[in-house]
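Scroll down for the structure; my scribbles are underneath it.
Chain letters run A, B, ... following the sequence lines, proteins first, then strands; residues in each count from 1. Computation of the quantities below employed the complete heavy-atom set of this structure, encompassing side-chain atoms and omitting hydrogens, waters and symmetry-equivalent molecules.
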Amino acid sequence: MTRALVNAPKTARPGEVIEIRAMIAHPMETGYRIGPNGAPIPRHIIRRLVCTYDGAEVFAADLYPAMSANPYIAFSMVATASGTIALAWTDDHGATQTATAEITVAG
Amino acid sequence: MTRGGRAVGVTAAALLAGGVAGAADVEPDARRSGADFMAPETRAMQADDASNPGMLWVLEGERLWAEPAGPEGRACATCHGDAARTMRGVAARYPAFDNGSDRPVDLAGRIDQCRQARQGAPPLARESDPLLALTAYVAHQSRGMPVAPPGDTRLDPFRENGRRLFQQPLGQLGLACANCHDERWDGRLGGAPITQAHPTAYPLYRLEWQALGSLQRRLRNCMAGVRAEPLPFGAPELIELELHLMQRAAGMPMETPGVRP
């Protein structure tokens with residue numbers, strides 16, 4: 001089940017600096033907590049998040065256990081052409097999930 | 001002794017005295033949402049849907065609303081259509097009287113009734129993500145609308161019981177809800193503002209939980225806080241407390257999904 005909220009402007013002018021904001025539903029379990037049965041809860045975090053813009057990587061982040069659950073990540077990039085902004089993240093279970101937003105760039 | 005020290009001593013003694021049958025309600029003009037007591041960053045997080053983590057559950061609830069369930073493959077949307085129209089204002093008038101059980105039912109309980117009786121689908125556990133998501137989605141349709149408790153007189157004895165519970169000392173600390181939330185709402189406890197206990201933003205995302213949770217989860221936290229045995233999820237007394245809280249908050253705007261520290 002993918003649950004993510006990706007917020008990007010629908011339109012921008014060429015060369016404009018835009019902000020991409022993403023909130024991803026994920027437990028981000030640190031691996032340091034002990035469960036009610038006394039056994040450690042296995043680590044389960046998003047390891048890496050990559051953003052591509054029309055196929056080219058424009059932003060990437062490695063995540064660590066100190067992030068909260070349901071992380072919120074914001075970054076900026078330069079709008080150059082109309083296309084797809086795609087976010088892909090991979091977690092400790094090896095699952096990769098994606099979310100996309102379309103942007104129209106016109107002068 | 002410094003003035004500060006004496007003030008703390010008086011506060012502790014007053015708190016520990018407990019038992020405030022008949023404590024005055026918060027004056028209508030003095031009523032403030034829990035959001036008003038939060039740090040500006042937390043308020044900003046709630047105010048912006050792109051940064052409010054509760055919206056993740058609202059989004060999931062929107063998906064579930066349209067998902068067929070049960071043997072005949074009926075979705076909530078099959079019968080209720082566009083939630084923005086049909087569920088508008090519904091959460092603001094819950095708990096409501098349920099003819100089947102002759103008791104008040106809260107919004108989550110009402111949704112689960114529809115799921116079982118009208119979809120023929122298995123029940124959703126209290127505090128499970130799907131039930132929280134559907135409840136948040138339905139309650140979100142009332143955001144900004146005033147809390148409007150139903151005038152149904154059959155609710156009166158239950159609401160009255162909720163008020164009584166609110167004023168009854170609980171747990172090893174012997175404190176009533178009213179000791180903190182009617183009498184000392186402008187004080188602090190272990191650094192955190194006590195607040196007036198308005199139920200207007202539920203289900204809400206609590207940073208401490210790192211998750212969305214129901215009003216009942218919050219009430220159970222407060223019960224554990226005074227070292228009382230928390231009532232089980234779905235307990236009739238929790239719904240009666242909610243009736244009293246909604247009456248106290250009548251007219252205040254709904255905020256679902258709220259964010260709290």
Side-chain angles (χ1 to χ4, degrees), chain A residues 1-12 18-36 41-46 49 51 59 61 63-77 85 87 89 91-93 95 97-103, chain B residues 38-69 75 124 127-137 140 143 203-213 217 220 224 230 232-233 256-261:
Chain A
M1 170 184 71
T2 303
R3 280 191 296 159
L5 266 168
V6 178
N7 197 277
K10 294 216 163 22
T11 58
I18 57 170
E19 192 181 39
I20 313 296
R21 300 187 291 165
M23 198 162 49
I24 303 172
H26 199 280
M28 294 299 281
E29 188 59 56
T30 61
Y32 299 127
R33 294 199 308 155
I34 306 295
I41 305 173
R43 194 183 97 157
H44 182 32
I45 66 168
I46 298 171
L49 172 107
C51 174
F59 174 86
L63 274 56
Y64 292 93
M67 294 275 295
S68 71
N70 311 307
Y72 171 80
I73 294 168
F75 55 91
S76 39
M77 56 178 249
I85 297 165
L87 288 171
W89 59 96
D91 68 15
D92 280 331
H93 292 180
Q97 297 193 306
T98 56
T100 58
E102 299 295 326
I103 185 167
Chain B
M38 305 194 299
E41 306 80 60
T42 320
R43 247 181 292 148
M45 189 189 269
Q46 170 170 323
D48 176 6
D49 283 350
S51 71
N52 179 337
M55 289 306 290
L56 290 168
W57 276 260
V58 170
L59 204 71
E60 173 67 3
E62 184 176 21
R63 192 183 68 75
L64 291 170
W65 179 261
E67 184 179 84
L124 294 172
E127 228 52 29
S128 64
D129 267 339
L131 186 55
L132 285 171
L134 278 168
T135 309
Y137 178 62
H140 182 58
R143 186 163 72 172
L204 59 69
Y205 193 90
R206 197 167 171 213
L207 300 177
E208 186 182 312
W209 297 334
Q210 301 262 298
L212 197 83
R217 182 171 180 188
R220 282 165 48 90
F233 282 110
T256 312
V259 175
R260 293 290 181 272

* Closest heavy-atom pair and its distance - A/Tyr72, B/Ser51 -> CE1-CB, 3.7 Å
* Which pair of heavy atoms, one from A/Asn70 and one from B/Leu56, lies closest together, and at what distance? -> CB-CD1, 4.0 Å
* Side chains of A/Met23 and B/Leu59: does their closest heavy-atom pair fall under 4.5 Å? -> no
* Asked: If you count heavy-atom pairs under 4.5 Å with chain B, which of A/Pro27, A/Ala74, A/Ala69 comes out on top?
  -> A/Ala69
